[in-house]
Amino acid sequence: MTAQESNAAGTTAGTTRPTPVTGIGRVLIAVYGLLALAATGRSFVQIVSKFAEAPLSYSLSALAAVVYIVATVALIRSGGRWRRVAWITIGFELAGVLVVGTLSLLDPALFPHDSVWSLYGRGYLFIPLVLPVLGMWWLSRSGKARA
Amino acid sequence: MIEWFMWLQLGVATLAGLLCIALGLAGRKPNDLTMGATALVELLLIMQLVGAIVAPLTGNNATGSLLEFYTYLISAILVPVAAAAWALIERSRWSTVILGVAGLGVAVMVYRMWQIWTVQGL
């Protein structure tokens, strides 16, 4: 798929849309991979060392980590059924960061320990808040390009 | 962790990251310079791993969670390898940008490792 795309872009260079959108998409996937790694590592540490302290926060962290991994894979494959998986996982992330972020502000006692999504992902430079939006933007752009 | 080595590593990873992002956005494919910078970041991480294993023997102990420290360190070691593998498979300018993202990611992780090592209870 990748090779075909770049061939197509190469032969029609200048006349159609340039490749940067797909290109930037690659960087997006890399950042997703990095966040998936960070979330996985963090939740691994939390669950191994202090799960009993905050089961809800740490279960959420683990769930978020799994969803980030699935989203990363779905963005890489990004065709047919995987596109739908990408939409669902990225939508889930956006909902998660908005709901958990808001709840953690309104009622801090609910999430006494950090999860990836507490305070809109502040512990991760707000990347969890920005990334799903960029992901959806990219999915819709690449969807239009293909249709 | 040894403080000056941590700052050296942080500096190298940040510079390598910025360099690769700049060259990538300028349209360069991964070359010896950008791959070399990434390799240097990786080499320093391996040295950090050796240092972290040896340091407690000399009385330089981590104040925070060792489990968390090593999770960061092992993850950080994987990042440049993954980015470089990507750059070898797909030789485009965006792979150079990704090398840069990896460098900056490592810089953040190194700083976090320093916090875990020195600042208790974070």
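Labels below follow one simple rule: chain letters A, B, ... track the order of the sequence lines, proteins then strands, and each chain is numbered from 1.
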Under 3.5 Å, sequence neighbours excluded: what are the donor-acceptor pairs made by side chains of residues 18-34 of chain B?
from: Asn31(B); atom 1: OD1; to: Leu33(B); atom 2: N; distance (Å): 3.1
from: Asn31(B); atom 1: OD1; to: Thr34(B); atom 2: N; distance (Å): 2.9
from: Asn31(B); atom 1: OD1; to: Thr34(B); atom 2: OG1; distance (Å): 2.9
from: Thr34(B); atom 1: OG1; to: Asn31(B); atom 2: N; distance (Å): 3.0
from: Thr34(B); atom 1: OG1; to: Asn31(B); atom 2: O; distance (Å): 3.3

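- Of residues 97-111 of chain B, those residues with a non-hydrogen atom less than 4.5 Å from any non-hydrogen atom of chain A are, in numerical order, Val97(B), Ile98(B), Val101(B), Gly105(B).
- Here the closest non-hydrogen pair linking Leu37(A) and Ser75(B) is CD2-O, 3.7 Å.
- Hydrophobic clustering (ILVMFWY, side-chain heavy atoms < 4.5 Å, transitive): Leu49(B) and Trp4(B) are in one cluster.
- Using a 4.5 Å heavy-atom cut-off against chain A, the contacting residues of residues 77-89 of chain B are Val79(B), Trp86(B).
- With a 4.5 angstrom heavy-atom cutoff, Ser92(B) does not touch chain A via any of its atoms.
- A chain of hydrophobic side-chain contacts below 4.5 Å, direct or via other Ile, Leu, Val, Met, Phe, Trp or Tyr residues, connects Phe69(B) to Ile46(B).
- In terms of hydrophobic clustering, with Ile, Leu, Val, Met, Phe, Trp and Tyr side chains grouped at heavy-atom distances under 4.5 Å, Leu40(B) and Phe5(B) are assigned to a common cluster.
- Residue Val70(A) is grouped with residue Val73(A) when hydrophobic side chains (ILVMFWY) are merged at heavy-atom distances under 4.5 angstrom, including chains of intermediate members.
- Both Trp117(A) and Val133(A) sit in one connected hydrophobic cluster of ILVMFWY residues. Membership requires side-chain heavy atoms under 4.5 Å apart, directly or through other members.
- Counting all heavy atoms, side chain and backbone alike, Ser49(A) lies closest to Leu67(B) at CB-CD2, 4.1 Å.
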Donor-acceptor pairs under 3.5 Å, side chain of residues 53-62 of chain B to any protein atom, not counting sequence neighbours: which ones?
from: Thr58(B); atom 1: OG1; to: Ala55(B); atom 2: O; distance (Å): 2.8
from: Asn60(B); atom 1: OD1; to: Trp117(B); atom 2: NE1; distance (Å): 3.0
from: Asn60(B); atom 1: ND2; to: Met1(B); atom 2: O; distance (Å): 3.0

